[in-house]
Amino acid sequence: MNKSVFQLIASASLASALLTGCASTTTLLREPSVLVKDPGSLIGRPKVEKNVAKIVALWESSSGKGLDDLNARGFTGQILFFGSGCETGARVHGKVNIYEYDNFNPDSLDEPELIHTFSFEPEAWDVHHAEGTFGHSYRVFVPYVQKHRNQVHCGLKVEIVLESGRTVSTEPTDVLLPG
């Protein structure tokens with residue numbers, strides 16, 4: 001194959017990948033390389049989903065650094081953002097808030113007790129980015145801010161405020177923190 005024809009095909013493929021949404025980029029060449037998954041990363045601008053439709057947050061109790069930089073019990077979460085038509089997690093750019101509720105009861109009609117809001121500006125949130133089997137995801141630890149050592153049911157809610165000002169959030173997730 002002539003070198004200029006190959007360059008033309010490669011350029012057309014790159015342009016197609018850059019201009020299409022997440023559902024079609026995965027089918028473009030059936031994932032032969034990172035080029036198709038995130039073509040913008042080659043030129044320093046990874047594709048960012050601007051129309052987040054759903055957030056999936058998976059939480060488990062764990063330990064890590066607390067707000068005072070000492071060891072603390074808390075929660076590790078893997079958070080995925082999906083645009084309409086996206087089959088895998090997408091990269092996002094926006095302010096992310098994680099709300100921590102104490103003594104959470106998902107069956108209660110009362111408003112849960114908010115004990116802390118963890119806010120991440122876009123650049124700080126991007127530090128938590130990873131790419132894996134489910135596409136783009138974000139992994140984060142949030143400490144339990146109360147000092148007692150009792151077992152407690154906590155609620156965790158994730159919210160993103162996109163650059164457009166639109167807000168998308170999860171329902172609070174009930175997570176048991178052992179004593």
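Keep in mind that what you see is a predicted model, and the values were worked out from it rather than measured.
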Colleague: Taking the side chain as everything from C-beta on, heavy atoms only, tell me whether F118 gets closer than 4.5 Å to L156.
Modeller: no
Colleague: Just how far is it from atom CG of L58 to atom CD of Q78, taken to the nearest 0.5 Å?
Modeller: 6.0 Å
Colleague: I'd like to check S63 versus N71 (side-chain heavy atoms, cut-off strictly below 4.5 Å). Are they in contact?
Modeller: no
Colleague: For a quick test of reading the model, state the closest non-hydrogen atom pair linking P143 to A72 and the distance between them.
Modeller: CB-CB, 4.2 Å
Colleague: Under the side chain to side chain contact (heavy atoms under 4.5 Å, CB included) criterion, do S169 and K157 qualify, and how do the steps go?
Modeller: CA-CA 7 Å; S169 63; K157 175 181 173 179; 3.7 Å; yes
Colleague: With a 4.5 Å heavy-atom cut-off, do E113 and E100 have their side chains touching?
Modeller: no
Colleague: Please list, chain by chain and in numerical order, all residues satisfying salt bridge (charged side-chain N to carboxylate O under 4.0 Å, His left out) with E121, sequence neighbours excluded.
Modeller: K95
Colleague: Hydrophobic cluster membership, with links at side-chain heavy-atom distances under 4.5 Å among I/L/V/M/F/W/Y: are L80 and L162 in one?
Modeller: no
Colleague: So do the side chains of R91 and D126 get within less than 4.5 Å of each other, counting heavy atoms only?
Modeller: yes
Colleague: Output, in order, the C-alpha distance, side-chain angles, deciding distance and verdict of side chain to side chain contact (heavy atoms under 4.5 Å, CB included) for H153 and N105.
Modeller: CA-CA 7 Å; H153 282 269; N105 179 354; over 6 Å; no
Colleague: Quick check: do V142 and H116 have side-chain heavy atoms less than 4.5 Å from each other?
Modeller: no
Colleague: Is H129 reaching over with its side chain to a backbone N or O of Y138, donor-acceptor style, under 3.5 angstrom?
Modeller: no
Colleague: Taking the inter-plane angle between the rings of Y101 and F104 on a 0 to 90° scale, is it parallel (under 30°), tilted (30 to 60°) or perpendicular (over 60°)?
Modeller: tilted
Colleague: Would you check if Q146 and D102 make a side-chain contact, meaning some heavy-atom pair closer than 4.5 Å?
Modeller: yes
Colleague: How long is the span from the CZ atom in F81 to the OG1 atom in T170, to the nearest 0.5 Å?
Modeller: 9.5 Å
Colleague: Do Y99 and P172 touch side chain to side chain, with heavy atoms closer than 4.5 Å?
Modeller: no
Colleague: Check whether any side-chain heavy atom of I160 sits under 4.5 Å from a side-chain heavy atom of F120, and report yes or no.
Modeller: no
Colleague: Could you grab the distance from atom CH2 of W125 to atom CD1 of I98, nearest 0.5 Å is fine?
Modeller: 4.5 Å
